[in-house]
Amino acid sequence: MFDVIEGLLSMTLDVYRQEEEQDPDTGVMKRQFMYYKTIPCYARGIVAQNVTRNLDKQVYNNRYENQQYLEIRTTERLTNREKVSNIRDASGNAIWFEFNYPNDTPTVFEVVGTTPITDPFGGVVGYNTSLKRSENQQIGF
């Protein structure tokens, strides 16, 4: 069923799933993102002329912020408990990456929300997912 849709997904990305464990000494819950799998996708930056919509921007205030938003299309549903990184083109080259951090590492994105894509008969054929650049660019604790 997904063969036609998967043919249009010319990129790949790595999915990291959240795992939690409790420290036996302190009782503190520790959250860690572990590699889950690589899936096909199609990704694009969100560009809009509407001033109410957030665009890619850098904010210099008391704290530096780098805001970047993407929309991806996949055949698998992504949840808010997952992070995405290493979005690559058909040749395996990273498309979004952090300049000089430490060596052009792939950008880490957090899942904001997911919407199903349906066919004319109401069946789900894929998902549109909104992503935002994660403030923490390291996968792990």
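Quick note: residue numbers are just sequence positions, from 1.
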Identify all side-chain donor-acceptor contacts of residues 33-40 below 3.5 Å with residues at least two apart in sequence or on another chain.
from, atom 1, to, atom 2, distance (Å)
Tyr35, OH, Thr38, N, 3.1
Tyr35, OH, Thr38, OG1, 2.7
Tyr36, OH, Arg17, NH1, 3.4
Lys37, NZ, Glu76, OE1, 2.7
Lys37, NZ, Glu76, OE2, 3.4
Thr38, OG1, Asp14, OD1, 2.7

If you take all heavy atoms of [X] and [Y], which pair is closest and at what distance?
{"X": "Trp96", "Y": "Gly45", "value": "CZ2-N, 3.9 Å"}
{"X": "Pro116", "Y": "Tyr127", "value": "CA-CD2, 3.7 Å"}
{"X": "Arg88", "Y": "Ile95", "value": "C-CD1, 3.9 Å"}
{"X": "Ser10", "Y": "Tyr42", "value": "OG-CD1, 4.2 Å"}
{"X": "Lys83", "Y": "Asn136", "value": "NZ-O, 4.0 Å"}

Q.
Among Leu13, Ile72, Val112, exactly one meets side-chain contact (heavy atoms from CB on, under 4.5 Å) together with Leu131. Which residue is that?
A. Ile72
Q. By side-chain hydrogen bond (donor to acceptor under 3.5 Å, both in side chains), which residues pair with Ser130, not counting sequence neighbours?
A. none
Q.
For Glu19, give me all partners under side-chain hydrogen bond (donor to acceptor under 3.5 Å, both in side chains), at least two apart in sequence or on another chain.
A. none
Q: May I ask you to check whether Glu98 and Thr105 show a side-chain donor-acceptor distance below 3.5 Å?
A: no
Q: Please determine, by modelled atom types, if Arg77 and Thr114 share a side-chain donor-acceptor pair under 3.5 angstrom.
A: no
Determine whether a donor-acceptor pair (N or O, by modelled atom type, separation under 3.5 Å) exists between the side chain of [X] and the backbone of [Y].
{"X": "Asp89", "Y": "Asn93", "result": "yes"}
{"X": "Arg81", "Y": "Thr79", "result": "no"}
{"X": "Thr118", "Y": "Val124", "result": "no"}
{"X": "Ser134", "Y": "Phe109", "result": "no"}

Answer whether the closest heavy-atom distance between the side chains of [X] and [Y] falls below 4.5 Å.
{"X": "Arg133", "Y": "Tyr69", "value": "no"}
{"X": "Val108", "Y": "Val84", "value": "no"}
{"X": "Ile87", "Y": "Leu70", "value": "yes"}

Output the distance between atom [atom1] ([X]) and atom [atom2] ([Y]), rounded to the nearest 0.5 Å.
{"X": "Arg73", "Y": "Thr129", "atom1": "CZ", "atom2": "OG1", "result": "10.0 Å"}
{"X": "Met29", "Y": "Gln22", "atom1": "CE", "atom2": "CD", "result": "5.5 Å"}
{"X": "Phe97", "Y": "Thr107", "atom1": "CZ", "atom2": "OG1", "result": "8.0 Å"}
{"X": "Thr115", "Y": "Asn128", "atom1": "OG1", "atom2": "CG", "result": "6.5 Å"}

Q) Looking at Glu21 and Lys30, does any basic side-chain N land under 4.0 Å from a carboxylate oxygen? A) no
